[in-house]
Number of protein chains: 2
Amino acid sequence: MTLTSRQMGQLVKVSLGEEKADLAIINGTLLNVYTGELLPDHGVAIKGERIAYVGKDVGHSIGPETEVIDAAGKTLVPGFIESHLHPDNYYTVYEFLRYCMRGGTTTVVAEWRDVFAHLGYRGIIEYLKSATNQPIKLLAVVPSIEPGSTAAEANIVSVQELRQLLMRHDVLGLGETFWQYVTQGDERVFELFAETLASRKKLFGHASGARNNKLVAYLASGISSCHESTTVEEALEKLRLGIYVLARQGEVRSDLEAISAIRHEGINLRRLVLVSDGVTPKHLVHNGHMEFLVQKAINLGFDPVVAIQMATINAAECLSLDSVIGGIAPGKYADIVVIPDIGTIRAEYVVSNGRVIARDGNLLVRPRKHNFPGWFLRNINLPGKLEAADFAVIVEGPHSEVTVRVIDQVTDLVTRDVRVTMPVSGGEVKVDVSKDILKVAVIDPRRQPGRMFVGLIRGFKMTRGAFATSRPRDSSNIVVVGADEGDMALAVNRIAETMGGIVVCADGKILAELPLPIAGSLTDMPLEAVAQRLDDIQQEVASLGSPFADSHLALVYLTCFAVPFLRISVDGLVDIRESKPVDFIVQD
Amino acid sequence: MTLTSRQMGQLVKVSLGEEKADLAIINGTLLNVYTGELLPDHGVAIKGERIAYVGKDVGHSIGPETEVIDAAGKTLVPGFIESHLHPDNYYTVYEFLRYCMRGGTTTVVAEWRDVFAHLGYRGIIEYLKSATNQPIKLLAVVPSIEPGSTAAEANIVSVQELRQLLMRHDVLGLGETFWQYVTQGDERVFELFAETLASRKKLFGHASGARNNKLVAYLASGISSCHESTTVEEALEKLRLGIYVLARQGEVRSDLEAISAIRHEGINLRRLVLVSDGVTPKHLVHNGHMEFLVQKAINLGFDPVVAIQMATINAAECLSLDSVIGGIAPGKYADIVVIPDIGTIRAEYVVSNGRVIARDGNLLVRPRKHNFPGWFLRNINLPGKLEAADFAVIVEGPHSEVTVRVIDQVTDLVTRDVRVTMPVSGGEVKVDVSKDILKVAVIDPRRQPGRMFVGLIRGFKMTRGAFATSRPRDSSNIVVVGADEGDMALAVNRIAETMGGIVVCADGKILAELPLPIAGSLTDMPLEAVAQRLDDIQQEVASLGSPFADSHLALVYLTCFAVPFLRISVDGLVDIRESKPVDFIVQD
C-alpha cells in the first residue's frame with residue numbers, strides 16, 4: 001500500500017502539470033478533514049490509484065485524455081472507512097462488495113471469524129485471496145482467541161501463523177480479544193499480543209462491561225481500540241485512557257445514539273470512530289453500509305464535518321493508515337465520494353483507487369469473483385445420517401425424575417441458568433412443549449465428526465419442528481433447537497447434505513432454508529435472495545412459536561461465550577461467570 | 001519499544017492491585033492530552049518502564065516497597081518529545097542529555113547529519129550505539145541527500161544501508177529531504193523514499209519556500225511533515241495538505257511567533273508540533289530544551305493544554321509512536337513531568353522510562369558515556385602542514401587585473417554573487433583589507449586529503465588573522481576565512497593537530513579555539529565550557545572585525561547549498577539558483 005518510486009515520479013509530474021491526470025474532479029467544495037474546513041472551488045487530479053494534486057488550480061493537470069467530473073455545487077469527501085466488521089455474514093466478498101461499494105465505503109477492515117473458526121489458518125489465507133485485487137481496499141485482522149474456544153471447538157491461531165499473517169500488508173493486527181483473557185493473565189493471549197505489537201501492528205479490543213481497574217488493566221496490555229462502549233461514560237473513560245472508541249451502529253448492537261451525547265462534553269473527538277461491527281444482508285441491500293452510519297451520526301446531531309471525520313481521518317489514524325487513506329491529499333489513495341452537500345450522505349460518484357466505481361447508486365465496476373477450492377466448499381462431514389434417537393437425553397439409573405440445568409433464553413441474546421425437575425420416562429428426559437422445554441444440541445461436523453451434546457432449553461416456545469444452523473457464533477459446529485427429535489435429525493441431515501446452511505423444518509418437511517456451502521457458513525447467492533431467505537426462515541420459525549425478532553441470532557449466540565450466562569458446547573454446558581463446564585444433571 | 005508478554009502480565013497485575021507498583025505519583029492534577037481535560041486527584045502507578053494504572057484509585061497498587069511522589073497541588077503532564085533535532089551541535093549525546101533531561105524532554109528524534117557527512121554509514125552505526133540505553137529515548141532518522149552533496153563532498157546513504165538502518169526500532173525514517181530533489185524527479189531520492197515507506201517508516205520534509213503546485217508535488221511523494229513554515233499561510237497550506245507542521249523555535253530560525261497566530265484560524269491543531277531543529281550549547285545550559293519551547297508557546301498565547309499537546313501527543317502521532325509515548329495512559333512508557341501548574345513549564349520531577357531522572361532541575365540519573373573507537377576520533381588526515389603559499393590565488397598569464405566572482409556575505413546566512421576587478425601582483429590576487437576582500441578556502445581532510453580551493457569573500461571585515469572550522473554545514477571539509485595567509489595556514493594546521501575544531505588566530509598566535517576531536521565536529525568537553533569557548537571565539541573574531549552576531553554560523557553556512565546564493569566547495573564556487581558550479585575568474 002506504499003508508494004513506489006515510479007508512482008512518486010508520476011504524481012510529481014502530474015502535480016506540476018508536466019504530465020496529465022487520468023481523472024480530475026473540478027469545481028467542488030472540498031471537505032478538508034485535516035483542518036475541518038470546507039474549501040470552495042477545489043479540484044483533485046488523479047494519476048493511477050493516487051491523488052497527484054489537490055487545490056484551486058487543477059487545470060494545469062488536465063489534458064485531452066483526462067476524464068473530468070464536474071462537481072459544481074457538490075461536495076467532495078474522502079472515501080469511508082469501516083474499521084471493524086465481521087463480513088462473513090452469509091455473504092462472500094463478492095456479494096458484500098456489490099453493495100458496500102455503491103455508497104462510498106472504500107476501505108474495510110474485516111475480521112473473518114467464521115472462516116477462521118471453521119477452516120483455520122489455511123481458510124483465512126484462502127479467504128484473503130478472495131479479498132485482494134478488489135475495487136476497494138479489503139484489509140483484515142487475525143481473529144484472536146474466542147471465549148470458550150478450545151482445540152475441539154474452534155481454531156486458535158498459533159504464534160507462528162500469526163507472525164506469517166502479520167507480514168502481509170493487508171493484515172493490520174490481531175482482532176478483538178475479550179478483556180477477561182487479559183485480566184486473567186492468559187499467557188497465550190500475551191504471546192499473541194507481544195507478537196502483534198513487535199510487528200508494529202494493532203491490537204483490537206473488546207472491553208464490553210469492563211470499567212475502572214479492570215478496564216485500565218486490560219488496556220495496559222497494549223490494546224488500542226474498543227467497539228464495545230454503550231454509554232457516554234464508557235466512551236469517555238476509554239478516550240481518557242488513550243484508546244480509540246469505535247462507536248458501533250450495526251447488526252448486533254446500535255450504540256451510536258447512546259454515545260452521541262458525547263459531543264456535548266467539550267472534548268476532542270479525534271479518537272471517535274464509526275463502525276458497524278456487522279451488517280445483515282437486508283441492511284446492506286436497503287440501507288447500504290458506511291454512508292448509513294455517517295448519515296445516522298449527522299441525524300443524531302453530530303456536526304456533519306465531525307461525523308465524516310469519524311468515518312475517514314479518525315478511522316485512518318486509528319488504523320495507522322493516515323499516510324495512505326482518510327483524507328483528500330497528495331500522495332494518498334484517490335478514494336473520494338461526491339455528495340450533494342455535507343449533510344446529505346448520498347454518493348453521486350464513488351472514486352476508489354483512482355477509478356469511478358459507482359455513480360448514483362449504480363456500480364460501474366464489478367468486484368472480482370473468487371473460485372474457492374473444493375476443500376473450502378466441502379467440509380461438513382457427518383459420519384452418517386442422524387436419527388431421532390440420536391437426540392435422546394438419557395438418564396442412567398432407575399429415576400422417575402431428575403433435576404437438570406436448562407438454558408433459559410431470557411432475551412434474544414442473554415440466557416440464564418435455571419434448574420428444572422423433569423420426569424424421566426423410559427430412561428429419557430423428553431421435550432415438554434407445554435412447559436416450553438425443548439431440546440438443544442451441538443454436533444461437531446469436522447474435528448470429531450458426529451460427536452454431540454444434547455441439552456434442554458426454554459424460551460424458544462416452538463411447539464413443533466426444529467431449527468438448525470451450521471454457523472453458530474464462535475464455534476464451528478452445528479446447533480439445533482427443536483420440539484421434535486425427528487425434525488432435529490432432518491434439519492441437521494439437510495445441513496450436511498448442502499454442506500452448511502440454516503434449516504427450519506416441521507413434521508418431516510423443510511419449511512425454509514438457506515444453504516451455506518462456502519466454508520459451511522457463506523453463500524454466493526445474490527444478497528437480495530439471501531435477505532429474502534432469512535426473512536422466510538424467521539417467518540417460519542415464528543410460525544412454529546419462536547418469540548424472537550431474530551430467531552437465528554438467538555440460535556447462533558447459544559455457543560457464544562462472550563454473552564452471559566449459560567452457554568453450550570459439544571462438551572456440554574458452560575457457565576460464563578466462571579468460564580467453566582457445569583453439569584447438565586444437577587440432581588438425580 | 002513494544003511491550004513484551006512478560007511486561008503485559010506485570011502491568012495487568014499491578015493495575016488490578018495483585019502486585020505492587022515500583023513508583024507511584026499520587027494526588028496530582030492530570031493533563032489528559034487525549035481529551036484535553038485537566039483531571040483532579042489523579043494518580044499513576046508505574047511498573048518497570050511502563051504505566052500500569054492511571055486514575056483516581058491508585059492506592060491499591062501501592063505497597064510498602066513502592067516509591068511514592070505526592071503531587072498534591074501539582075500537575076502531571078506527559079514527557080516532552082523533540083521531533084526534529086540535529087543534536088550533533090558540538091556536543092556528544094552524553095553532554096546533550098545532561099541538559100535536556102532536566103527539563104522534561106523524554107524523547108528526542110535526532111538527525112545526526114555531521115556524523116553521517118564525516119564518517120558515513122559506519123559512523124552513524126557507531127553513534128547510534130552511543131544513543132542506546134540512555135535514561136531517555138533517543139531515536140533517529142537517517143540523513144537524506146543534502147543539497148550539493150556529492151561523493152566528494154559528503155556521504156550519501158545507499159538504498160542497502162538505508163534498509164539496514166530502517167530495520168532498527170530506534171530509526172523512525174528518512175531525515176529532511178529538500179523539496180527541489182523531489183520536484184526535479186531525482187531517482188535516487190525516490191528510491192530512498194520508496195524504501196522508507198515500504199518499511200512503514202516516515203519521510204521528514206523540508207519544504208522551505210515551496211508553495212502551491214510545487215508544495216503539492218513535493219508532498220505527493222509521501223512526505224509526512226515539514227519544519228520549514230515561517231508564516232501562518234505556509235503552515236495552514238501544509239496542514240490542509242495533510243501533513244504535520246513542525247513549528248520551529250530554535251537555533252537556526254525561530255518561526256513559532258510568526259506561526260502562533262494560527263490559533264485564531266479556528267482549525268484543529270492536532271497536527272501542529274513544536275520542534276527546535278537545533279539548540280546551541282549556550283541555549284541548553286541557560287534555557288534548557290523542550291520545556292522552553294512549550295513555555296514560549298504558552299507565552300505567545302497558545303492555550304497551555306494545546307501547547308503541551310504540541311510537544312506530546314501531537315508529536316507522538318506525527319511519529320506514529322502514540323501507542324508507546326505522548327500521553328499518560330496504561331501500557332505507555334512512564335514518561336511524566338510534574339510541573340507547578342499547567343501554565344508554568346518548570347519540571348519539579350522528571351520521570352523517564354519509569355525512573356525519576358531529575359528533580360527541581362538536578363539530575364538524579366547520569367546519562368551513559370560512550371567510548372568511541374579510534375577511527376571515530378582520528379579522521380582528519382592532512383598530508384602535511386599547510387603554508388601561507390598554499391593559500392595563494394594564482395592567475396595564469398600576464399594580466400595586471402582580473403575580474404573574479406566574490407562571495408558577498410550580505411547577512412550572517414545569505415550570500416550573493418558579486419564581480420570585483422582585482423589587481424594581479426606577481427601572478428597572484430591578494431587580500432585587500434581596505435576593500436574587505438578576504439580569502440576563503442575549503443580543504444578536504446578525508447577523501448582526497450589536502451585537495452583545496454581558494455576564493456575571495458567580502459563581508460567578514462576582518463583586518464587581520466584567520467578563522468577556521470572543521471564542521472561546515474552539509475560538508476565534511478575544513479573552511480577558513482582570513483586576512484592573512486600565514487594565519488589561515490596556522491588555523492588549519494591547528495585543526496589538523498586537534499583532529500577537528502574551531503580556531504581563531506592572528507599574527508601567528510591562536511586567540512581562541514574549541515577542539516572538536518570526535519568525528520571532527522564534536523567534543524566531550526562540558527557544555528558550559530563549550531558555551532564559554534564559543535563566546536570567546538565570537539569575541540575574538542569580532543575583535544578582528546567580523547560584524548556578525550554569530551560569526552561561526554556565517555562561516556559554516558558558506559558550504560550550505562540550501563541557502564542562497566553563492567556557495568563554496570572543494571571544487572570551487574556553486575550558484576544555488578542553478579545548482580551548478582560557476583567560474584571564479586569571470587574575465588581576465
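The chains referred to below are lettered A, B, ... by the order of the sequence lines, with proteins before strands, and numbering in each begins at 1. Just so you know, these numbers use all the heavy atoms, side chains as well, and skip hydrogens, waters and symmetry mates.
Note that CG of A:Leu3 is 8.0 Å distant from OG of B:Ser221, once rounded to the nearest 0.5 Å. Between A:Asn212 atom CG and B:Lys56 atom NZ the span is 11.5 Å, to the nearest 0.5 Å. Atom CD1 of A:Ile243 is separated from atom OH of B:Tyr34 by 10.5 Å, given to the nearest 0.5 angstrom. A:Arg6 contributes atom CZ, which lies 11.0 Å from atom CD of B:Glu187 (distance to the nearest 0.5 angstrom). The CD atom of B:Glu317 sits 9.0 Å away from atom OG of A:Ser320, with the distance rounded to the nearest 0.5 Å. Remark: A:Lys201 NZ to B:Thr2 OG1 distance equals 14.0 Å, nearest 0.5 Å.
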>> Go through it in stages, so that I can follow the logic: the residues are A:Arg271 and B:Asp322, the test is side chain to side chain contact (heavy atoms under 4.5 Å, CB included), and I'd like the CA-CA distance, side-chain angles, deciding distance and then a yes or no.
In response: CA-CA 12 Å; A:Arg271 291 184 170 224; B:Asp322 58 302; 3.0 Å; yes
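One N or O on the side chain of A:Arg200 and one on the backbone of B:Arg200 form a donor-acceptor pair closer than 3.5 Å. Distance alone, capped at 3.5 Å, is enough to place a donor-acceptor pair between the A:Ser15 side chain and the B:Ala217 backbone.
Shown here for B:Thr183 and A:Val12, the closest heavy-atom pair between the two residues is CA-CG1, 3.8 Å. Across all their heavy atoms, B:Ala329 and A:Leu241 have their closest contact at CB-O, 3.3 Å. Smallest separation of non-hydrogen atoms from A:Gly9 and B:Phe190: CA-CE1, 3.5 Å.
Proximity of A:Asn268 to B:Asn268: side-chain heavy atoms (C-beta onward) are separated by under 4.5 Å at one or more points. For the pair A:Met8 and B:Leu197, the minimum side-chain heavy-atom distance is below 4.5 Å. Within the 4.5 Å cutoff, the side chain of B:Arg240 has no heavy atoms near those of the A:Leu30 side chain.
Contact annotation for A:Ser224: neither backbone nor side-chain heavy atoms come within less than 4.5 Å of a heavy atom of chain B. Contacts of B:Leu192 with chain A are absent, with no heavy-atom separation under 4.5 Å from either backbone or side chain. Neither the backbone nor the side chain of B:Leu269 comes within contact range of chain A; no heavy atom of the residue lies under 4.5 Å from a heavy atom of that chain. Interface remark: B:His60 contributes side-chain atoms only to the contact with chain A (heavy atom separation under 4.5 Å). Contact annotation for B:Ser199: only backbone heavy atoms (N, CA, C, O) come within less than 4.5 Å of a heavy atom of chain A.
When each of A:Ala194, A:Ala220, A:Ser61 is checked for heavy-atom pairs under 4.5 Å with chain B, A:Ala220 comes out on top. The candidate from A:Ala198, A:Gly242, A:Gly331, A:Ser323 with the greatest count of non-hydrogen atom pairs under 4.5 Å with chain B is A:Gly242. Between chain B and the residues A:Glu195, A:Lys214, A:Glu37, the largest count of heavy-atom pairs under 4.5 Å involves A:Glu37. For the set B:Ile267, B:Asn213, B:Leu39, B:Ile313, the entry with the most heavy-atom pairs within less than 4.5 Å of chain A is B:Asn213. Here B:Ser5 is the residue among B:Gly266, B:Ser5, B:Gly222, B:Gly36 with the most heavy-atom pairs under 4.5 Å with chain A.
When the heavy atoms of residues 16-25 of chain A are compared with those of chain B, the residues falling under 4.5 Å are A:Leu16, listed by number.
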